[in-house]
2 protein chains.
Amino acid sequence: MIIEAVMNLILLFPGDSTDEGVVRLTGRRRDHMLAVHRAAVGDELTVGIAGGRIGKGRVRKLDDDAIELAIALDADPPPPLDLTLIVALPRPKVMNRVVAAVASLGIKRLFLINSWRVDKSYWKSPRLSPDNLRLQSILGLEQGRDTVMPAIELRRLFRPFVEEELPELTRETAALVAHPYAAEECPRDVRGPVTLAIGPEGGFIEQEIASLTRAGFRPVHLGSRIFRVETAVAALAGRLK
Amino acid sequence: MIIEAVMNLILLFPGDSTDEGVVRLTGRRRDHMLAVHRAAVGDELTVGIAGGRIGKGRVRKLDDDAIELAIALDADPPPPLDLTLIVALPRPKVMNRVVAAVASLGIKRLFLINSWRVDKSYWKSPRLSPDNLRLQSILGLEQGRDTVMPAIELRRLFRPFVEEELPELTRETAALVAHPYAAEECPRDVRGPVTLAIGPEGGFIEQEIASLTRAGFRPVHLGSRIFRVETAVAALAGRLK
């Protein structure tokens, strides 16, 4: 088994329930609990209901293909990050990591958009399937101990998105676009909602920065370094929120 | 070719020079310049001398196995991040990404240390070889457009490191250990040098937190979320510096 992220919370879905307060898990989650948590009867693991509360699951039965947990929920999931993220579609391999990082950080709305420097082939990747986006989101929530799935939306056309959707989306938010050549340094600890746009490898082109500026975005930099998109997302989230 | 990171700067070493101001590059760097930058004679690319200055390299010759660049250096590398990082040795696959992220963020001193929850097998990984650590550092510097290699040190024994080395290392720095169960929230925008410790998957155990506290570290949290180590490094670097 390749362990890509640790399941710090076992995310449960309506179909997992057998009886009141009991869930029966098979497949990936069972395998992970056995291999990584070395779960045994009587052990308690952190669980959460997708979109709902968090608590403990006590292992009450282990058999060849399933684990049964008796669950008790007593806490709310962590508060979401008040940040909408817009990212130029990354390379497919990177995209999985970006989606999982977004989910683990508590970002609840992600737009994957086109941009001049996005290779057209990236839009054909099977990793953009709803099933894969959902799986990567689940892996991120399990890592971050959250239960609330991020909404992920794809926008294959830059201009209609920026001109028609963004003005509404960014209303009453601090709208920032990360741009290594910006004059202004990225602010810190912004109160209230933020909309943050991050370009592709090589950056947004100047016309795109101009379009975003007309839509109300302020270009900001984090010094002259250029980060991988998942590093930029985490560094900016840590700085802004 | 698998592209793991983009070469936003081509890092040059003493052995690359042929003549005054001319370098001849083969192998990985040549392949990347052709495949990703689509370099042609006359093009200018950002270059930097390992440990030294940054500037431009103009392609003056392309042949079957090499690219020749005429270089002119006119800028200093970006300032380093004033942060020493101590990380419990991650899984080998994760470690490559951590080292590259550290280098891209401008962190210049990294200790990879043992901890109770570090699997002993990780210390046997060939990825801990000096050659691989150097390669991952180079990939991170090329991504981040920096030239100054981080110093990476391995410490297989937790206690001697914490009791004998850390007090000297952290003197006159803000020493923080990231710990999801800490009472204090991680501070922001710390002036002056920082020493930051990040535990393994599953965290440092309480005795380790106690040892670090005796060595002058303050446990701090970033909320109840648990991050992958590379996400934590970037989020904390973005927040602290």
Of the listed residues (B/Leu105, B/Asp146, B/Leu236), which shares the most heavy-atom pairs with chain A below a 4.5 Å separation? B/Leu105
For chain A, which candidate among B/Gly106, B/Cys186, B/Pro180 shows the most heavy-atom pairs at distances under 4.5 Å?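 Option with the top pair count is B/Gly106.
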Between [atom1] on residue [X] and [atom2] on residue [Y], distance to nearest 0.5 Å:
| X | Y | atom1 | atom2 | result |
| --- | --- | --- | --- | --- |
| A/Lys241 | B/Arg239 | NZ | CZ | 11.5 Å |
| B/Glu201 | A/Met7 | CD | CE | 13.0 Å |
| A/Ser224 | B/Leu9 | OG | CG | 10.0 Å |
| B/Leu141 | A/Arg225 | CG | CZ | 8.0 Å |

Inspect the surroundings of NZ in A/Lys124 and state if more than 12 heavy atoms from other residues, nucleotides or ligands are less than 6.0 Å away. no
Using every non-hydrogen atom in the two residues, find where A/Thr231 and B/Ala234 come nearest and quote the distance to one decimal. O-CB, 3.7 Å
Part of [X] lying under 4.5 Å from any heavy atom of chain A:
| X | answer |
| --- | --- |
| B/Pro79 | backbone |
| B/Asn8 | side chain |
| B/Ala103 | backbone |
| B/Leu222 | neither |

Check for a donor-acceptor pair, side chain of B/Arg145 on one end and backbone N or O of A/Ile226 on the other, with a separation under 3.5 Å.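 Answer holds: no.
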For chain B, find which of A/Pro78, A/Gly223, A/Ala101, A/Ala100 contributes the most heavy-atom pairs closer than 4.5 angstrom.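 Most heavy-atom pairs under 4.5 Å with chain B: A/Pro78.
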Within the structure provided, determine whether B/Arg97 and A/Arg97 are in side-chain contact (heavy-atom separation under 4.5 Å). yes
